[in-house]
Amino acid sequence: NVVNQMIYSYDNDGAGKALMSVQETRSSGFSNSGVALEQFVVTYADADRTQFLEAKRTVNSDISSSGNVGHMEVSTYKTASIADAVTKGDKAGAITLTTLLDKQVIDTAAKDFDDRGNALKQTIVKEYFDEKGGSIGIETQVITNEPFSIHDRTSKSTILNYEGKG
């Protein structure tokens, strides 16, 4: 299992390419099927990881033996810092997230996955927070997909949006 991954994104692959972002993903606590129980994804605008753009923490649970995630929580934060672990500037230490902006909870019942792990129905509840951590709004989506083809494409998706917890 990959525990730490760096992704450098550029505007093109030719000469004169410009760095668009750097994304570090740290995964830990893997399930028997190999799914990370927790992930931190921190995105920066520069290779030195000094210009912070976004940070997310994902927690997965209710994981089947085939790797289908029944319950996922994705939280987005305004700021993050990464401590040094061994040497000054290595940014290999703990990730500290501050000021929760939103939290998205995705639930998919075991019976709502097809044989290839595609979600036929799932519910997404997203809650938004102010600078002090108080809830300022909730929205819910219920997504229903028609059966998927052998190429994992559905012919129809229905998305119902609700204000509040649906």
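The first residue of the sequence shown is numbered 1, and numbering continues consecutively from there. Predicted model, so just to flag it, every value in this text is computed and none were measured.
The shortest non-hydrogen separation linking N68 to G117 is OD1-CA, 3.3 Å. Contact record, F52 with Y77: CZ-O, 4.0 Å, taken as the closest heavy-atom pair. Residues S75 and L100 share a closest heavy-atom pair of CB-CD1, 3.6 Å.
Using a 4.5 Å heavy-atom cutoff, the side chains of Q104 and V125 are not in contact. Inter-residue side-chain proximity for E127 and D102 is flagged as unmet; no heavy-atom pair is nearer than 4.5 Å. When side chains are defined from C-beta on, V142 counts as touching K121, because their heavy atoms get closer than 4.5 Å. You'll find the side chain of R57 reaches within 4.5 Å of the side chain of E38, heavy atoms only. Within the 4.5 Å cutoff, side-chain heavy atoms of I95 are placed close to those of V42. Taking 4.5 Å as the limit, every side-chain heavy atom of Q122 sits out of range of all side-chain heavy atoms of D112. Counting only heavy atoms from C-beta outward, the side chains of K103 and F129 approach each other to under 4.5 Å. For the pair F148/L120, a side-chain contact is recorded, criterion being any heavy-atom separation below 4.5 Å from C-beta on.
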side-chain contact (heavy atoms from CB on, under 4.5 Å), that's the test. Do Q5 and Q23 meet it? Break it down for me.
CA-CA 8 Å; Q5 179 180 32; Q23 188 175 73; over 6 Å; no

Let me see the working for Y10 and L19 under side-chain contact (heavy atoms from CB on, under 4.5 Å), right down to the final yes or no.
CA-CA 4 Å; Y10 296 90; L19 181 67; 3.8 Å; yes

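Interatomic distance, I150 CD1 to R153 CZ, rounded to the nearest 0.5 Å: 13.0 Å. Atom-to-atom distance recorded for D62:CG and M72:CE is 11.5 Å, nearest 0.5 angstrom. T158 OG1 to Q141 CD: the interatomic distance, rounded to the nearest 0.5 Å, is 12.5 Å. We find the OG-CD1 distance between S157 and I143 to be 7.5 Å, quoted to the nearest 0.5 Å. To the nearest 0.5 Å, atoms CZ (F113) and OG (S64) are separated by 7.0 Å. Rounding to the nearest 0.5 Å places CZ of F40 at 9.5 Å from OG1 of T58.
Residues T50 and D46 have side chains that bring a donor and an acceptor to within less than 3.5 angstrom of each other. Checked by atom type, the side-chain pair D107/T123 shows no donor-acceptor distance below 3.5 Å. Using a 3.5 Å distance cut-off with no hydrogens or angles, the side chains of Y128 and E139 do pair a donor with an acceptor.
Neither I106 nor L101 shares a network with the other; the hydrophobic side chains, linked directly or stepwise wherever heavy atoms of I, L, V, M, F, W or Y lie under 4.5 Å apart, form separate groups for each. Under the 4.5 Å side-chain heavy-atom criterion for ILVMFWY residues, no single connected hydrophobic cluster contains both Y162 and I159. Linking ILVMFWY side-chain heavy atoms closer than 4.5 Å, directly or via other members, places V41 and I82 in two distinct hydrophobic clusters.
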Could you pull out every donor-acceptor pair under 3.5 Å between side chains of residues 24-32 and any protein atom, sequence neighbours left out?
from: E24; atom 1: OE1; to: R49; atom 2: NH1; distance (Å): 2.6
from: E24; atom 1: OE2; to: N4; atom 2: ND2; distance (Å): 3.2
from: E24; atom 1: OE2; to: R26; atom 2: NE; distance (Å): 2.9
from: E24; atom 1: OE2; to: R26; atom 2: NH2; distance (Å): 3.3
from: R26; atom 1: NH1; to: G93; atom 2: O; distance (Å): 2.4
from: R26; atom 1: NH2; to: K91; atom 2: O; distance (Å): 2.9
from: R26; atom 1: NH2; to: G93; atom 2: O; distance (Å): 3.4
from: S27; atom 1: OG; to: Q39; atom 2: NE2; distance (Å): 2.9
from: S31; atom 1: OG; to: S33; atom 2: N; distance (Å): 3.3
from: S31; atom 1: OG; to: S33; atom 2: OG; distance (Å): 3.0
from: S31; atom 1: OG; to: V35; atom 2: N; distance (Å): 3.2
from: S31; atom 1: OG; to: V35; atom 2: O; distance (Å): 3.4

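With sequence neighbours left out, E54 forms a side-chain hydrogen bond (donor to acceptor under 3.5 Å, both in side chains) with no residue at all. Scanning for side-chain contact (heavy atoms from CB on, under 4.5 Å) contacts around D152 gives R116, N118, with sequence neighbours left out.
In this structure a side-chain-to-backbone donor-acceptor pair under 3.5 Å is missing from N145 to T154. With T140 contributing its side chain and G164 its backbone, the two residues share a donor-acceptor pair below 3.5 Å.
The side chain to side chain contact (heavy atoms under 4.5 Å, CB included) with H71 is formed by just one residue from the set I63, N60, V105; it is V105.
The 12-atom threshold is exceeded at CG of N12, counting heavy atoms of other residues, nucleotides or ligands nearer than 6.0 Å.
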